[in-house]
Amino acid sequence: MAADIALDKTEEKDLWGGGAAPMKASYGKLMMWFFLVSDAFTFTGFLLAYGFARFRHVPANYFDVEWPNPDHVFNAFPFMDVFGVTAAPLVFVGIMTFILILSSVTMVLAVEAGKRMDKQAVEKYMLWTIIGGIVFLGCQAWEWTHFIHGTAEGSAFELPGIGKIFGADLHQNQYGPPAFADYFFFITGFHGTHVLSGVILNLVIYNNVAIGTYQKRGHYEMIEKVGLYWHFVDLVWVFVFTFFYLV
Amino acid sequence: MAAYNEFPHHEVTPANPKLIANIWKVTGILALVTAVEFALAFAFPEKPEWLILTYIVLTLVKAFFIVAEFMHLGHEQKSLIYSILLPLGLLFWGILAMLMEADAIYNAIIGWWN
């Protein structure tokens with residue numbers, strides 16, 4: 001009986017197999033949190049390594065090529081030639097940031113609607129979230145394509161025996177040392193993979209909402225779990241934006 | 001399609017306008033902070049050191065609102081809050097250390113090898 005009294009404030013869906021809910025969180029939500037912490041370790045490893053390489057100030061690696069200022073690398077925008085703009089630093093990545101933040105907002109609204117058992121609103125906001133994620137992925141694809149193909153002028157430096165470099169891959173980089181391109185591909189690529197799996201998860205959950213799985217179950221807690229993951233993706237982007245594009 | 005009618009019926013609670021307003025308030029803050037970062041980036045293309053510190057503080061502000069409000073961590077139990085935040089705080093310290101002391105660490109390693 002004592003256990004009943006202790007638990008009367010915990011909702012039934014939050015109870016674990018043993019009958020108690022540690023930290024007053026359901027099993028799924030708690031495990032999602034600890035997964036996200038471990039995932040944050042990986043991203044921090046990337047950003048740590050990037051910060052180390054970026055602020056080492058040793059141009060002697062790779063034929064005295066200086067580490068580039070990201071403003072001068074990511075200054076392109078789709079159709080900017082049409083508008084006669086030659087350089088628009090940060091504009092495109094700023095728009096990507098807004099898109100991801102907005103998709104995070106619609107995810108919060110979906111969670112909120114789920115708590116009210118409003119199936120239609122959950123469907124609507126889940127769809128907006130999925131659209132935001134897909135648009136973000138499209139932007140990233142464009143950015144990668146632009147980065148890989150490079151500009152018509154090529155690199156500002158000339159390597160002995162090779163000459164100018166056009167575009168970037170894992171071995172060479174027209175904007176600076178190859179390590180810069182490597183970090184770009186690995187950090188934004190790893191984040192993009194997270195966005196992609198987030199979109200897929202959201203699609204699966206959206207399908208479940210649409211066929212009424214959670215209506216039958218009596219609660220929409222699953223939306224909160226994928227919501228946690230989706231916000232984490234947004235959160236990581238906030239850090240990538242600062243440490244890769246601003247600093 | 002008959003199956004749809006067999007679902008248990010749950011009453012839809014009307015939305016609490018205060019909650020919705022709070023979500024949009026947080027959105028506004030996030031957008032504003034990003035806009036400030038933007039303006040700073042255009043105003044100071046030379047990236048002085050104080051600007052980098054400002055960026056990091058603004059990033060933490062954004063992270064706080066995303067984690068506390070969107071991820072709802074601010075409304076969870078204290079033990080949960082700390083078990084998430086303490087390890088991440090240490091990691092963030094690691095990133096800062098690499099940003100600021102990379103030169104010294106690198107020279108120390110090279111010096112050791114030489």
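Lettering follows sequence order; numbering is per chain, from 1.
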- Query: Going by heavy atoms in the side chains, are B:Ile84 and A:Phe34 under 4.5 Å from each other?
  - Reply: yes

Flag side-chain contact, heavy atom, 4.5 Å: A:Lys29 against B:Glu76
yes

How about B:Val12 and A:Gln120: do any of their side-chain heavy atoms sit closer than 4.5 Å? no

Most contact-rich option vs chain A, by heavy-atom pairs under 4.5 angstrom, among B:Ala97, B:Ser79, B:Pro45, is B:Ser79

Whatever's closer than 4.5 Å to a heavy atom in chain B on A:Phe41 counts as both

Honestly, the part of A:Phe241 sitting under 4.5 Å from a heavy atom of chain B is side chain

In this structure, CG of A:Leu36 is separated from CG of B:Leu73 (nearest 0.5 Å) by 10.5 Å

Bottom line for B:Thr34: the part with an atom under 4.5 Å from chain A's heavy atoms is side chain

Value for CE (B:Met98) from CZ (A:Arg54), rounded to nearest 0.5 Å, stands at 15.5 Å

Of A:Val247, A:Val111, A:Thr97, the largest count of non-hydrogen pairs under 4.5 angstrom with chain B goes to A:Val247

If you tally heavy-atom pairs under 4.5 Å between each of A:Leu90, A:Leu47, A:Asp234, A:Leu30 and chain B, the highest tally belongs to A:Leu90

One option among B:Gln77, B:Glu11, B:Glu37 has the most heavy-atom pairs under 4.5 Å with chain A, and it is B:Gln77

B:Phe42 meets the ring pair (Phe, Tyr, Trp, His ring centres under 6.0 Å) criterion, sequence neighbours left out, with B:Phe38

Within residues 124-132 of chain A, the residues sitting under 4.5 Å from chain B by heavy atom, in sequence order, are none

Rounding to 0.5 Å, atoms CG (A:Asn69) and NZ (B:Lys47) come to a distance of 4.5 Å

In terms of heavy-atom contacts, B:Ala102 and A:Gly51 come closest through CB-O, 4.1 Å

When rounded to the nearest 0.5 Å, the distance separating CG of B:Leu30 from CD1 of A:Ile101 is 5.0 Å

Name each donor-acceptor pair under 3.5 Å that joins a side chain in residues 13-27 of chain B to protein atoms two or more places apart or in another chain, with its distance.
unit_1  : atom_1 : unit_2  : atom_2 : d
B:Asn16 : OD1    : B:Lys18 : N      : 3.0
B:Asn22 : ND2    : B:Glu69 : OE1    : 3.3
B:Thr27 : OG1    : B:Ile23 : O      : 2.8

Compile the donor-acceptor pairs under 3.5 Å between side chains in residues 86-96 of chain B and protein atoms, sequence neighbours left out, one pair per line.
none

Smallest heavy-atom separation, A:Ala25 atom then B:Leu80 atom, equals CB-CD2, 4.3 Å

What I'd like to find out is whether the side chain of B:Ser83 reaches to under 4.5 Å of the side chain of A:Trp33, using heavy atoms alone. no

Heavy-atom nearest pair, A:Leu246 first then B:Ala41, reads CD2-CB, 4.1 Å

Legend entry - Heavy-atom check, side chain of B:Val67 versus side chain of A:Phe232, under 4.5 Å: no

Note: B:Lys62 and A:Val238 closest approach over all heavy atoms is CE-CG1, 3.8 Å

